[in-house]
Amino acid sequence: MRSFKNIIILLLLVGISFCQGQTLRGTLEKKMAQQYRIKILAMSPKGNWVIAGKHYDINKDTIEIFSTKNKIQKPHLLTKTLDIPIFLQEEAVVALAKDKAVLVSLNDRRQKVFDNIKRVFASSDTGTFALLNTADKLSVYNNKGASYYEIDSVVNITKDNVSKIFVVRKGENKYEIYDTSSQNKKKIYESPVLIKRIEISDSKKTLYIIEQNSTDKTESLVLLDIKSGNISKPILQDIDTGDYIVVSEMNEEGKYFVNGQTKIPKNKNVEIWYGNDGDLSKHDTGFDPIDKYWIITNNNHVSAIDNKDSKKIFLSGSDKYLFAFKRGKLQNYTVDNQNIDLQILDTQNNTAKPFDIVKSAYFTLSKDGEFSIYRDLQDKWVLCNLSTMKKGYIQDHSLQNPVFSKDASLIYFDSQKGIFVYNIQKDRLIKISENLSKKVKILNKESLPLIGSYFKIYRSYLKNDNSVLIKVRDDEENKTSYYTIVNKDLKSIIKSSENYIRDFYYNRNANFFAYTLENYNKPMSLYYVDDHKKEPIILLTNENRDAAVKNLKIEIINYINSDYQKLKGILYYPTNFEPKKKYPMIVRIYQIQNDSANQYDIIGYNNPASFDLRTLLDQGYFVYLPDIVFGPKGTGLSALDCVNKALDTIQNRPYIDQSKIGLTGHSHGGYETNFIATHSNRFAAYLSGAGNSDIVRSYFSYNYNFHSPFYWQYENGQYELKFPFSENKKLYFDNNPIYNVEKVNAPILLWAGKKDENIKWDQVMEFYIGLKRNNKDVIALFYPNQGHNPSFNSEDRKDLYYRTLEWWDYFLKDKTNIDWINKQMKKDAL
């Protein structure tokens, strides 16, 4: 009888818990449907209109179009759009909305809907747009939605960023290319073989047509002069099946650089890894890339570039020189970005000679290719005139991210202490305005990658030579401002603001601006300003949708660690805080966090994984975000010290229950949480996600996220240990969580995605096994289909979200009627 009663009681408790969970979910999702962030999506060329999205946590499909000239005019509303709407001059916008396209007339507010559409293309300057339907028929319209013509059997489309749209049509026994940029379609090319790809040259003068032979599947190249219609078919020697052709202009007079890459599959039965290999990433891809290169001159002459030693070759911007380096030659994986031993190839004399060793493969070229700038192994900036091969040094090591003026007469630099400009002809470096002695970043620059993403090799220049648009950050005061610099004169766009500016958007000429402002107690608002007016105008605010946020309270806590470094922490007070009550507290850790003190948080699943600040505050928790820096003691011990000092500073506050404090972190914060759990008795519970538990094993592992051995992360990366393991083993041992796993003295919840390629999930499994072996209270959540972060809006992310809330309630609020936790905490529950 007693057993039957116990079962009834258990079922009732489970039922109550289930109902409470459903009630909480309903309450939270109601708030998620009210609170939103604003995301700026586009601005019309002349700044008359701004498009912004209202990003609710549970959907991001509400888009509004705002007039910047008519304050009274209500915004146009678009919903369920898949792509960012495209402006058609200043008259209309067109957008894809699931299987429909929507055309919105901006002046008379009319909307026209087109059914069964899968892609939208538009020429913003001409106002022409094209819709590809589900039957692969392309229809071309003017900006009022009037039809020009149709093209059926479309197999490929390409467009530039402004005015040109080209279409490949499959006809009977032939392929055709049409220019659809105007009201009359124009057939510009046809071929009896498959047209595999079409691309537009950077100058917009040439169309690259890649054809594929039907017999052996090799690719061939056709060059079409868009204006004259002239066609050339250069013959590329030694093209093989599987070669993938990429074409680039060397000048606008008909000289081209062609790269053909073959992917040679690796042996599937055995992988051979060599100790002197500096290019291990090929084991990830499963193939060896073989590169071939050709130069095509304006008389259609083709010359192959000798590449027997398998170098990577890239454009300089000059039609005379190319650059080359052996990938991986200097890579020892002690740093994230490898040094490269650069050669310069003279295409006219067909000679190659050493150029220099470039630190961290960070190499920047002017637009015309006349100059290059890079850091050498002594960390000095080296400027080279590629016409004369004369090199000079810019001595200030603190300069960052060089960008050339369009005419290559000046180089602008970001820095932590203001903005600097170097006059190349005068060999003179000057600082622009002593009033900007803060962290400065140049915004209106074009940085075009010249080679793959593994390398920081760019052609970088200002978009507008008549003005420089900059962002200025005061990290100490947590303030941001924006300026334009015209002829060395400063013009304020946004005055120094304590509010957080999440989005900043500008038009093509950088004279009209849209931005968002927010703060921890102020929902986001959308503003617009132009460079002729002093005061911004407000286009959108959501303050009425989240009135409760105005009552939030935070406190910036100042403390000093054992290395005498001044640090800050953000202490968030519970919603409806009452000083006479006692509250539990959750401490979340990573590294520097105080710069988020002016950010607006909304309730939602897609906040940082397993951490929803607003919900925790609404549920009656203090939340503390202390800063962590790393010193000579090592990563884990430094984190422990910083957290202890941060807690010491607030330990005498009577409204914080010191016996009910939880600690949590994700990724690097997960490692820190693991380590602190093995060295502290200040916490009632822990929650650690996707964190390393054995840094010695991790040091000697291969990281498939970074495509690299992982030891660089410890020596010169985020862990900041500075020494290789072989030179200071004690440092690694002292900061390794797994070596003290038996000392964890509070329950811990671990989680990981089993597809995590950054921190392998078995690092979390190892910590779980160590805790289990030592009879500690541990629960581990493993999500088979997730990576380092659970996918946004996935059911797995939602599962983790609610388990996190239940975990804290169980241990910090004594709500012990949670069945899945009781299976661990009540020893006879299983």
Side-chain angles (χ1 to χ4, degrees), residues 323 325 330-342 354-366 370-386 389-405 408-443 445 447 454-462 468 470-476 485 488 563 565-566 591-592 595 629-632 712-713 715-723:
F323 285 103
F325 64 93
L330 303 180
Q331 175 63 292
N332 60 7
Y333 293 109
T334 59
V335 292
D336 184 17
N337 296 304
Q338 62 184 272
N339 301 331
I340 56 174
D341 189 0
L342 207 59
F355 182 78
D356 208 343
I357 294 178
V358 177
K359 183 177 180 180
S360 301
Y362 191 168
F363 190 76
T364 302
L365 288 154
S366 61
E370 183 179 0
F371 293 96
S372 67
I373 187 169
Y374 59 94
R375 288 189 188 272
D376 64 12
L377 292 184
Q378 286 71 48
D379 213 28
K380 295 178 181 177
W381 285 110
V382 183
L383 176 65
C384 181
N385 184 323
L386 298 178
M389 289 298 154
K390 182 180 179 181
K391 295 180 181 179
Y393 293 98
I394 302 175
Q395 297 296 333
D396 194 330
H397 293 196
S398 68
L399 304 179
Q400 302 168 350
N401 306 321
V403 54
F404 289 89
S405 57
S409 63
L410 304 172
I411 309 174
Y412 292 86
F413 291 90
D414 299 344
S415 85
Q416 301 291 316
K417 56 182 183 180
I419 186 165
F420 292 79
V421 61
Y422 178 78
N423 187 304
I424 295 176
Q425 186 175 3
K426 296 180 180 180
D427 186 21
R428 184 184 176 195
L429 180 71
I430 63 170
K431 183 178 182 180
I432 299 178
S433 180
E434 290 298 328
N435 296 326
L436 298 182
S437 296
K438 305 294 181 184
K439 185 191 297 184
V440 174
K441 181 180 181 181
I442 299 168
L443 300 179
K445 64 182 178 182
S447 291
Y454 290 109
F455 308 97
K456 298 179 179 179
I457 298 174
Y458 301 99
R459 184 172 294 120
S460 187
Y461 54 89
L462 290 175
V468 184
I470 62 171
K471 174 184 177 180
V472 181
R473 273 286 300 162
D474 184 337
D475 287 339
E476 182 64 29
I485 302 172
K488 299 179 185 177
D563 294 323
Q565 292 174 283
K566 295 180 179 180
Q591 287 181 262
I592 298 297
D595 56 358
V629 294
F630 305 134
W712 69 268
Q713 183 75 283
E715 297 178 30
N716 295 293
Q718 190 173 28
Y719 286 80
E720 298 183 31
L721 290 173
K722 306 302 183 186
F723 295 94

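Residue numbers start at 1 and run along the sequence shown. Values below: all heavy atoms of this structure, side chains included; hydrogens, waters and symmetry mates excluded.
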Q) If you take all heavy atoms of R375 and H397, which pair is closest and at what distance? A) NH2-O, 3.2 Å

Q: Check whether any side-chain heavy atom of V421 lies under 4.5 Å from a side-chain heavy atom of V468, and answer yes or no.
A: no

Q: Compare every heavy atom of K431 with every heavy atom of S437, then report the nearest pair and how far apart it is.
A: OG-NZ, 2.6 Å

Q: Can you spot which of Y362, F325, F363 makes a ring-ring contact (aromatic ring centres under 6.0 Å, His included) with F455?
A: F325

(Q) Going by side chain to side chain contact (heavy atoms under 4.5 Å, CB included), name the residues that satisfy it together with D563, two or more places apart in sequence or in a different chain. (A) N561, Q565, P632, K633

Q: Could you tell me the separation between the CH2 atom of W381 and the CD atom of Q400, rounded to the nearest 0.5 Å?
A: 8.5 Å

Q | Minimum side-chain heavy-atom gap I432-V440 below 4.5 Å | A | no

Q. In Å, rounded to the nearest 0.5 Å, how long is the span from CH2 of W712 to CD of Q331?
A. 10.5 Å

Q: Could you check I430, L410, L429 and say which one makes a side-chain contact (heavy atoms from CB on, under 4.5 Å) with Y422?
A: L429

Q. Can the ring centroids of F355 and Y374 be said to lie less than 6.0 angstrom from one another?
A. yes

Q | Heavy-atom side-chain contact between V358 and F323 under 4.5 Å | A | no

Q: Can you sort out the partners of F404 under ring pair (Phe, Tyr, Trp, His ring centres under 6.0 Å), two or more places apart, ordered by chain and number?
A: none

Q: Quick one: closest heavy-atom pair of I424 and A408, and the distance?
A: CD1-O, 3.2 Å

Q. Does K417 pair with D396 as a salt bridge, N-O distance under 4.0 Å?
A. yes

Q | For I411 against P402, the heavy-atom pair lying closest together | A | CG2-CB, 3.8 Å

Q: Would you indicate whether K438, at its atom NZ, is surrounded by more than 12 heavy atoms from other residues, nucleotides or ligands within a distance under 6.0 Å?
A: no

(Q) As an exercise, state the distance from CG of D341 to CD1 of I357, rounded to the nearest 0.5 Å. (A) 5.0 Å

Q) Roughly how far apart are D475 CG and D595 CG, rounded to 0.5 Å? A) 7.0 Å

Q. Does the N385 side chain pair with the main chain of F371, one donor and one acceptor, at a distance under 3.5 Å?
A. no

(Q) Please evaluate residues I394 and F420 with respect to the criterion side-chain contact (heavy atoms from CB on, under 4.5 Å), reporting the C-alpha separation (whole Å), side-chain torsions for both, the decisive distance (0.1 Å), and the verdict. (A) CA-CA 11 Å; I394 302 175; F420 292 79; over 6 Å; no

Q.
Take a 6.0 Å sphere around CD of E476 and say whether it holds more than 12 heavy atoms from other residues, nucleotides or ligands.
A. no

Q. In terms of side-chain geometry, is the basic nitrogen of D356 or K391 positioned less than 4.0 Å from the acidic oxygen of its partner?
A. yes

(Q) Set out, in order, the CA-CA distance, both residues' side-chain angles and the distance that settles side-chain contact (heavy atoms from CB on, under 4.5 Å) for N339 and K359, then state yes or no. (A) CA-CA 5 Å; N339 301 331; K359 183 177 180 180; 3.8 Å; yes

Q) Just how far is it from atom OG of S372 to atom CG of L383, taken to the nearest 0.5 Å? A) 7.0 Å

Q: Show your reasoning for whether side-chain contact (heavy atoms from CB on, under 4.5 Å) applies to D336 and N716.
A: CA-CA 8 Å; D336 184 17; N716 295 293; over 6 Å; no

Q.
How long is the straight-line distance from CD1 of I470 back to CG of L443, given to the nearest 0.5 Å?
A. 8.5 Å

Q.
Give me the atom names and distance for the closest heavy-atom approach of S405 to L462.
A. CA-CD1, 4.3 Å

**Q.** Check against side-chain contact (heavy atoms from CB on, under 4.5 Å), V629 and I592
**A.** CA-CA 7 Å; V629 294; I592 298 297; 3.9 Å; yes

Q: Answer yes or no: is there a donor N or O on one side and an acceptor on the other, between the side chain of D414 and the main chain of I442, under 3.5 Å?
A: yes

